[in-house]
Amino acid sequence: AVANIGVVGLAVMGSNLARNLASREGNTVAVYNRSHEKTDSLVAEHREAGFVPGYSYEEFAASLQKPRTAIIMVKAGAATDAVIDELMRVFEPGDIIVDGGNSLFTDTIRREKAARERGFNFVGMGVSGGEEGALHGPSLMPGGPDESWVTLGPILRSIAAVAEGEPCVTHIGHDGAGHFVKMVHNGIEYADMQLIAEAYDLIRRGTGKTPAEIADIFAEWNRGELESYLIEITAEVLRQVDAATGKPLVDVILDQAGAKGTGAWTVQTALDLGVPVSGIAEAVFARSLSSHPEQRAVSHGLPGPEEAFSVDDVDAFVEEVRLALYASKIVAYSQGFDEIRAGAARYDWSIDLGAVSKIWRAGCIIRAQFLNRIADAYAAEPDLPVLLTAPYFVDALTRGQTAWRRVVATAAAAGIPSPAFSSSLAYYDGLRADRLPAALVQGQRDFFGAHTYKRVDREGTFHTLWSGDRTEVEAEDTH
Ligand code: NDP
């Protein structure tokens, strides 16, 4: 056995991760793919990597030193289960099986339990950064047992992206914790992208600026507090001209956004946990709405605002949109971290939220300066219940809130959909409200279903005899 690490699944992600591993001092990488052509072409095209190809699971296992360590990079779902079964067939107890695919965390919890019962160390690992990240340094979110971390930790640290001298990998927590955090990362990514898209739309429709001019605005924003990979690539996309028509590329791309499902998972999980990730949900729904051309076609004739939308002071409006974007972004991240906190409590993971924000600073799609501020917030107060109440964010929201309100009001008056901007503001106002109309909802629930209510002035649970004489009685707590 000559290899210290193996990769199963040599499509884009697996082959790039294998090359990344092979490029690091001290690694010899065994590779396996179901169809042998992929194995052969990877080995032939990258002789410098010194890959050790396996053409059967037996051969792959035999080439690995113990404890055998293999990273699976295949299609999530049944394919991953099939590969895990094969590896457990040819591996021995104590060996480490890492699933680097985009698996649903509940699948990871199930797989970890089954593998543990057979003596294997199973690690579900979130990998972010796409193919570039896999090759040059991804952000890695491994879960799994502590024991696996001894062997795996140094290998992962050597291939991860580096942010300010620190590798973007940390042992997130047990079983499904890594895939859970990766899922929320993707949810936040959806929200961030939608917010940026809304900012672009408002500026374009409000000021008549061209995509190339708006690209310059985003490039400028990327030099300030909004500095991030997503803002940077937004400028690149807006500046791109279509070779065939000479038009801005963004004007010839069909306006129907696709999704691979991780955003929806984030929202479904948040619903189960009772965490209001409204910004992420709106981003997922905005993509769904865009992808129903038949419904959009029959709705085109619906009335819109009677007055045309125009902005008087263009520079001031652009600055207000920037402030609104930043404030909404703070809400989206605050909601995402709230979901991680709630997930950790539900599944009994001990997750260091500051460490999570740090490993997202490089390698992944939501990488940004901003994440340092989140790390600072959790360093100052590890149990911070609401991220956006950290002093730095309060300061940003204080600076931005007036502009944010104006932008949301303007968008509504102009008939420009801004679901992520406006739902983020509603969340913010909901959180800071002294009293919420939830009191009335409780009254309604008690009226039709005797669901009872609590009072502000007395302990206990109460019910009003709505269909009787409407006096109040003490009730059993039925929620
Ligand atoms: P794909 O998701 O397209 O998966 C293709 C790979 O899966 C091939 O190696 C294929 O083998 C293998 N495979 C499929 N079914 C089976 C099976 N039943 N048994 C064995 N192998 C099987 O590849 P990607 O590289 O795009 O992604 C790999 C994983 O990484 C996925 O889970 C993905 O969600 C995740 N991921 C992807 C990112 C991205 O940006 N693309 C980012 C982060 C994670 P064969 O060649 O024989 O068909």
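Here the structure is a predicted model, which means the values were calculated and not measured. When reading the values below, keep in mind they use all heavy atoms of this one structure, side chains included, and skip hydrogens, waters and symmetry mates. Just follow the structure's listing: the first ligand is 1, and inside any ligand the first atom is 1.
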For atom 20 (C) of ligand 1, closest protein heavy-atom neighbour: Val83 CG2, 3.5 Å
Parallel, tilted or perpendicular: ring planes of Phe337 versus Tyr378, cut at 30 and 60 degrees: tilted
Nearest-neighbour protein heavy atom for atom 39 (C) of ligand 1, which is reported as residue plus atom name and distance: Met13 SD, 3.5 Å
Which residue and heavy atom of the protein sit nearest atom 40 (O) of ligand 1, plus the separation: Gly130 CA, 3.3 Å
Tyr347/Phe105 aromatic ring centres below 6.0 Å: yes
Heavy atoms from other residues, nucleotides or ligands near CG of Asp395 exceed 12 (cutoff 6.0 Å): yes
Parallel, tilted or perpendicular: ring planes of Phe370 versus Tyr333, cut at 30 and 60 degrees: perpendicular
Sub-4.5 Å side-chain heavy-atom contact between Val127 and Lys182: no
Numbering as shown, the atoms of ligand 1 that approach Gly9 to under 4.0 Å (heavy-atom distance): 9 (O)
Atoms in ligand 1 flagged as close to Ala76, the criterion being non-hydrogen separation under 4.0 Å: 32 (O)
Side chain, backbone, both or neither: Leu10 near ligand 1, heavy atoms under 4.0 Å: backbone
Note: Arg110-Asp81 ion pair, threshold 4.0 Å (strictly below): yes
Region of Asn33 that comes within reach of ligand 1 [heavy atoms, distance under 4.0 Å]: side chain
Option set Lys75, Glu86, Lys182, criterion heavy-atom distance to atom 3 (O) of ligand 1, minimum: Lys75
Minimum non-hydrogen distance to atom 23 (O) of ligand 1, winning option of Gly129, Ala78, Ala11: Ala11
Heavy-atom nearest neighbour in the protein, as seen from atom 43 (C) of ligand 1, with distance rounded to 0.1 Å: Val127 O, 3.1 Å
Geometric class of the Trp221/Phe218 ring pair [parallel <30°, tilted 30-60°, perpendicular >60°]: perpendicular
Glu131, any N or O under 3.5 Å of ligand 1 N or O: no
Stepwise side chain to side chain contact (heavy atoms under 4.5 Å, CB included) test for Lys38 and Leu42: CA-CA 6 Å; Lys38 279 204 185 74; Leu42 178 68; over 6 Å; no
Exceeds 12 heavy-atom contacts within 6.0 angstrom, atom CD of Glu147: no
Proximity of Lys38 to ligand 1 by residue part, where a heavy atom lies under 4.0 Å: side chain
Nearest protein heavy atom with distance in Å, relative to atom 47 (O) of ligand 1: Ser35 OG, 2.8 Å
Six-ring centre of Tyr392, Arg373 cation under 6.0 angstrom, axis tolerance 45°: yes
Ligand 1 N/O within reach of Arg34 N/O, cut-off under 3.5 Å: yes
Closest protein heavy atom to atom 15 (N) of ligand 1, given as residue, atom name and distance to 0.1 Å: Ala79 CB, 3.3 Å
Nearest-contact summary for atom 33 (C) of ligand 1 - protein heavy atom, Å: Asn102 N, 4.0 Å
N or O contact, Val74 vs ligand 1, cut-off under 3.5 Å: yes
Result of checking Asp175, Val181, Ile172 against Trp349 for side chain to side chain contact (heavy atoms under 4.5 Å, CB included): Asp175
Protein contact of atom 30 (O) of ligand 1 - nearest heavy atom, named by residue and atom, plus distance: Met73 CE, 3.6 Å
